[in-house]
Q: 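Take a look at the following structure, please.
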2 protein chains.
Amino acid sequence: MIGGTRASGARRTAGKGRSRRAEATRKSGDERWAELLQVAAKTFASKGYSATTLQGIANDLGMLKGSLYYYIRTKEDLLFEVIQAVLVLAEERLSERVPVDGPAVERLEALVREHVVFLIEHLTETTVYLHEADQLSPERRAELPVHGFIARLEGLVVEGQEDGTIRADVDPRMGALVILGSANWVYRWYRPEGDLAPEEIADEIARTCRRSVEA
Amino acid sequence: MIGGTRASGARRTAGKGRSRRAEATRKSGDERWAELLQVAAKTFASKGYSATTLQGIANDLGMLKGSLYYYIRTKEDLLFEVIQAVLVLAEERLSERVPVDGPAVERLEALVREHVVFLIEHLTETTVYLHEADQLSPERRAELPVHGFIARLEGLVVEGQEDGTIRADVDPRMGALVILGSANWVYRWYRPEGDLAPEEIADEIARTCRRSVEA
DNA sequence: TAGTCTACCAACCGATCGTTTGACAGATGG
DNA sequence: CCATCTGTCAAACGATCGGTTGGTAGACTA
């Protein structure tokens, strides 16, 4: 069996007291776990889940691949954990940064903007989610804490049609999907070297999306 | 070595004269090649390139995996051929169906509509292109007959700003990317069981994209 | 200081991967 | 009728895959 509470969704809750002294050779478990998630995310994002090798991840961490099983049970766990982490973070972010009142079209614009900013600021992890989530088994995928983002968009479109800020001839579902595409597609072309700041990009995209449905 | 002209971009040019009689047991090579491309595309689209096994493809075709090497040299070839085929087809389609004159914003709308229609009508192959093309080695990817679709969109935005049909405050590149995202995202959600016809979906998306940049 | 736990190593497992080779039945063409 | 070509089989190749097992040095706990 694996190290107790390890590898089961919620990981070790920061141990009791160990991180007092500087670790020369060994790394602490939580530190290592974070490194593992980070390396895994980077590798999944660049090569894809199936083309990623545990051997490669272990190499990047400077350990043997068998040692990874101290932290995980299966390779799929690793993908799951990476995605779960970013979903949780996104949920937090969007719930605290998007206004709950005002004209629907404005809230829509704000939601898209925050979504894009988050996407860019966590590009590696969001890439893994958007590009590799369907490599999870159906059972595992069902366990993901998905925040119904499309439903939220669709709801805002409907609200906007009620308060008159969004055109009545827009199909809510289609409109939401079009906007989602504009926003999510960012992960396919954004490069940090570009000359526009994440916020500028997010602003422009959000504004464009707004215009596409505004009354 | 492999069967001569086989497996090198341009495939056998339909053999000389064989397809006279009905083949009971054996299939003709060209027929088989088409089946192979089809099965490969379907498998790549559903499981991803790396998770696809030549064994699985061979099974679907009712042959042994070793026999596949009569048609291909490597697994990567198979991915390349699938993508190349759909790119060539798309190029033909878009060049014959999109008007070359009229207001730029109208040509933009038409281009998006035709793009989406094509995407849906060749969903399997376009999915392989959009989702798996980056599994090709850089060298192989460079050989793809890419039609500069983004550049074309961007050009239309610029034209539209010149002829006054598109807002001046739209960044051409960003506008093109947003539109491309809206259109390409279709491959992520379209299901044939849906109640909207491909043309209806394409119309709605194209109209929405138009509104997002129209003056 | 004795015992426990943490984080990892070393070695190995069976399965499966893409790919190669040699042979060969049947259709084709002279 | 004989030679050739086409499409496939049968069997094997080394490499590598995800995963398992048993051990253990060193830090921590009591």
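So that the names make sense, note that chain A is the first sequence line, chain B the second, and so on, each numbered from 1. Values reported hereafter were calculated over all heavy atoms of this structure, with side chains retained and with hydrogens, waters and symmetry mates removed. Computed from a predicted model, the values in this text were never measured in an experiment.
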Q: Any side-chain N or O of B:Tyr70 under 4.0 Å from OP1/OP2 of D:dG7?
A: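 The answer is yes; a side-chain N or O of B:Tyr70 sits under 4.0 Å from OP1 or OP2.
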Q: Would you kindly say whether B:Ser137 and B:Glu139 are connected by a side-chain donor-acceptor distance under 3.5 Å?
A: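 Result is yes, a qualifying pair exists.
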Q: Within this structure, what is the CD1-to-C1' distance between A:Ile72 and D:dG19, rounded to whole angstrom?
A: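 In whole Å, D:dG19 C1' lies 10 Å from A:Ile72 CD1.
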Q: Between D:dG7 atom P and B:Leu36 atom CG, what is the distance in whole Å?
A: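 So the CG-P distance, B:Leu36 to D:dG7, works out to 13 Å.
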Q: Roughly how many Å is it from CG in A:Leu68 to P in D:dT20, rounded to a whole number?
A: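 Those two atoms, CG and P, are 13 Å apart.
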Q: Give the rounded distance in Å between these two atoms: CZ of B:Phe80 and P of C:dG18.
A: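 These atoms are roughly 20 Å apart.
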Q: Taking CD from A:Glu31 and C1' from C:dC8, how many angstroms apart are they, rounded to a whole number?
A: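 Rounding to the nearest Å, CD of A:Glu31 and C1' of C:dC8 are 15 Å apart.
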Q: Between A:Thr43 and A:Thr52, do the side chains contain an N or O donor and an N or O acceptor separated by less than 3.5 Å?
A: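 Short answer, no.
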Q: Rounded to whole angstrom units, what separation is found between the CE atom of A:Met63 and the P atom of C:dA7?
A: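 Atom CE in A:Met63 sits about 10 Å away from atom P in C:dA7.
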Q: With the threshold set at 4.0 Å, does a side-chain nitrogen-carboxylate oxygen contact exist between A:Glu199 and A:Arg113?
A: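 No salt bridge links A:Glu199 with A:Arg113.
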Q: Would you name the heavy atoms of B:His131 and A:Leu130 that are closest together and state the gap between them?
A: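 Heavy atoms of B:His131 and A:Leu130 come nearest at CE1-O, 4.5 Å.
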Q: Any protein N or O atoms within reach of nucleotides 16-18 of chain D? Criterion: under 3.5 Å, listing atom names and distances.
A:
unit_1: D:dC17; atom_1: OP1; unit_2: A:Thr53; atom_2: OG1; d: 2.8
unit_1: D:dC17; atom_1: O5'; unit_2: A:Thr53; atom_2: OG1; d: 2.8
unit_1: D:dG18; atom_1: OP1; unit_2: A:Thr52; atom_2: O; d: 3.1
unit_1: D:dG18; atom_1: OP1; unit_2: A:Lys75; atom_2: NZ; d: 3.1
unit_1: D:dG18; atom_1: OP2; unit_2: A:Leu54; atom_2: N; d: 3.2
unit_1: D:dG18; atom_1: N7; unit_2: A:Lys65; atom_2: NZ; d: 2.6
unit_1: D:dG18; atom_1: O6; unit_2: A:Lys65; atom_2: NZ; d: 3.1

Q: OP1 or OP2 of D:dT20 versus the side-chain N and O atoms of A:Arg73: is any pair under 4.0 Å?
A: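 For A:Arg73, the contact criterion (side-chain N or O under 4.0 Å from OP1 or OP2 of D:dT20) is not met.
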Q: Could you tell me whether B:Gly56 contacts a base, only the sugar-phosphate backbone, or nothing, with contacts defined as non-hydrogen atoms closer than 4.0 Å?
A: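 Touches nothing.
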Q: Looking at B:Asp60 and B:Lys42, is there a salt bridge between them, counting it only when a charged N and a carboxylate O are closer than 4.0 Å?
A: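 Looking at B:Lys42 and B:Asp60, the cut-off is not met.
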Q: For B:Glu132, which residues count as a side-chain contact (heavy atoms from CB on, under 4.5 Å) partner, sequence neighbours excluded?
A: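 With neighbours one apart ignored, the set is B:Tyr49, B:Leu79, B:Val128, B:Gln135.
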Q: Roughly how many Å is it from CG in B:Leu64 to C1' in C:dG18, rounded to a whole number?
A: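 Taking atom C1' of C:dG18 as the reference, CG of B:Leu64 is at 15 Å.
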Q: Please enumerate all residues that pass ring-ring contact (aromatic ring centres under 6.0 Å, His included) together with A:Phe118, with sequence neighbours excluded.
A: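 ring-ring contact (aromatic ring centres under 6.0 Å, His included) check on A:Phe118 returns A:His122.
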Q: What is the distance, to the nearest angstrom, from the CD atom on B:Gln135 to the P atom on C:dG18?
A: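 Interatomic distance, CD of B:Gln135 to P of C:dG18: 13 Å.
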